[in-house]
Amino acid sequence: MSRFLLGRLIQSAILLVVVSVIGYVILGLIPGGPLSQFGLDPGLTAADIERLKEQMGLNQPLWMRYLDWAWKLLHGDWGVSLRDGTPVLTVIARHLVATLLLMGSSTVIAVAAGTWIGIRSATRRYSAFDYAATVGAMVALSIPTFWFGLVGIYVFSLKLGWLPAGNMYTIGDASVLDYLHHLILPSLVLSLVHIAVWSRYMRTAMLDAINQDFVKTARAKGVAERRILMKHVVGNALLPMITLAGVQLPSILTGALVTETVFTWPGMGRLFYDSLGYSDYPVVMGILMFSAIVVILGNLIADVVVALVDPRIRLA
């Protein structure tokens, strides 16, 4: 097991380095850069621009800037925001709770609904429900998240007036019920695509488990069908779903960026979008690295859990 963990940790470290290099190089090659926000100031002279470049370290080659940034990152210095000089970790921490709340609620909805739909589709194969679930999943996967968000705002906010159109809470009312009221629509929109993915994978895993020899043996012994389904089939079908939970993390983060932008949700996705607009590259790189660490840790934990639960993987 220790050898398995060591191999995964080495792979994770290499992947983090690759992500950081690609992200830093892409940002460094974007025209304008952090100085673009000063380009419209008529009072700035060429000497002022050069002084700003020197203060920001932009007068150095790209590879030297990357090594300096990476060295500081390894020592816990994530840099400061170019907008107000706030440390990057502080900026991320301000928006982290909102993103975790949105991601957590949408994940719970996706897992619960997707698992139920997948089990019901597998046990009622080729039924009207199975066909409806298949069509619904294809529609959810084919239409972009922002479209669902805009339609949700139009129907449930503008027309029916049941749910707020955006933001995390009502000014002057920071009660739990108000937070939950604002959370319903964005979490449902973010969970739609993941319900589709989860239900399709769960259906396939269930059908694969149903055809295994141990299920046939249990039936031959006269075990009740419901007991076979809940104790043997569902338990084995959930094993690959643990890995799927880790794989889905990048998709959830990407969906959160779009959803937070549509609903003006004050999370990391909205922060990433605003920071790109302001060319606040230290914050952009901070969010990129933080997201990469979360995704890699999620996949690592999923691999470890699967290895602990399934001895075939651990022994291999």
Side-chain angles (χ1 to χ4, degrees), residues 7-41 44 46 48-96 99 103 144-146 246-258 260-261 267-300:
R8 285 291 188 270
L9 288 173
I10 294 174
Q11 292 175 9
S12 301
I14 295 173
L15 184 57
L16 274 177
V17 173
V18 173
V19 169
S20 67
V21 171
I22 294 176
Y24 202 94
V25 169
I26 290 176
L27 289 177
L29 296 178
I30 294 178
L35 292 177
S36 60
Q37 56 185 315
F38 304 105
L40 299 178
D41 188 348
L44 284 178
D48 294 329
I49 297 295
E50 290 300 322
R51 187 172 65 255
L52 287 172
K53 282 185 178 181
E54 186 175 354
Q55 290 176 357
M56 296 180 181
L58 299 177
N59 57 341
Q60 298 177 347
L62 183 61
W63 66 271
M64 288 186 63
R65 301 205 305 265
Y66 170 77
L67 291 178
D68 181 61
W69 171 84
W71 180 255
K72 291 179 179 178
L73 185 70
L74 288 174
H75 289 79
D77 182 5
W78 289 53
V80 296
S81 171
L82 298 180
R83 295 173 65 180
D84 54 12
T86 306
V88 170
L89 284 179
T90 303
V91 177
I92 292 176
R94 290 174 183 170
H95 299 79
L96 181 59
T99 295
M103 288 178 57
T145 304
F146 75 86
V247 174
Q248 282 288 90
L249 268 177
S251 179
I252 295 174
L253 283 170
T254 305
L257 189 153
V258 177
E260 289 176 4
T261 303
M268 289 177 56
R270 180 72 184 184
L271 174 64
F272 185 83
Y273 178 80
D274 291 340
S275 299
L276 276 177
Y278 283 98
S279 299
D280 195 350
Y281 291 168
V283 175
V284 173
M285 282 302 302
I287 296 174
L288 178 64
M289 293 306 298
F290 185 85
S291 302
I293 292 171
V294 170
V295 170
I296 290 172
L297 282 178
N299 282 275
L300 180 62

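As a basis for the values below, the full set of heavy atoms in this structure was taken, side chains included, without hydrogen atoms, waters or symmetry mates. Position 1 is the first residue of the sequence; numbering continues from there.
Taking 4.5 Å as the limit, every side-chain heavy atom of Tyr278 sits out of range of all side-chain heavy atoms of Val283. In this structure, the side chains of Pro282 and Val80 stay at 4.5 Å or more apart for every pair of heavy atoms. For the pair Met64/Leu67, no side-chain contact is recorded, criterion being any heavy-atom separation below 4.5 Å from C-beta on. In this structure, the side chains of Leu27 and Leu276 come closer than 4.5 Å at one or more pairs of heavy atoms. Between Val17 and Ile14 the shortest side-chain heavy-atom distance does not fall below 4.5 Å.
Between Tyr66 and Tyr24, the angle of the ring planes goes over 60°, which puts this pair in the perpendicular group of the 30/60° scheme.
Here the straight-line distance linking atom CG of Leu89 with atom CG of Leu96 works out to 10.5 Å at 0.5 Å rounding. Here OG of Ser12 is found 5.5 Å from CD1 of Ile296. Values are rounded to the nearest 0.5 Å.
Residues passing the salt bridge (charged side-chain N to carboxylate O under 4.0 Å, His left out) test with Asp77: none are found, sequence neighbours excluded.
Of all the heavy atoms in Trp69 and Ser20, the pair that sits closest is CZ3-CB, 3.9 Å. Looking at every heavy atom in both residues, Leu288 comes nearest to Gly23 through CD2-CA, 3.7 Å. Between Ala292 and Val19, the shortest heavy-atom distance links the atoms CB-CG1, 4.0 Å. Closest heavy-atom contact between Arg65 and Gln60: NH1-O, 2.9 Å. Nearest heavy atoms, Ala256 versus Met103: CB-CG, 4.3 Å. The two residues Trp78 and Val88 come nearest to each other via the heavy atoms O-CG2, 3.4 Å.
Side chain of Thr99 to backbone of Met268: a donor-acceptor contact under 3.5 angstrom is found.
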Applying side chain to side chain contact (heavy atoms under 4.5 Å, CB included), run through Arg94 and Leu271 and close with a yes or a no. CA-CA 10 Å; Arg94 290 174 183 170; Leu271 174 64; over 6 Å; no
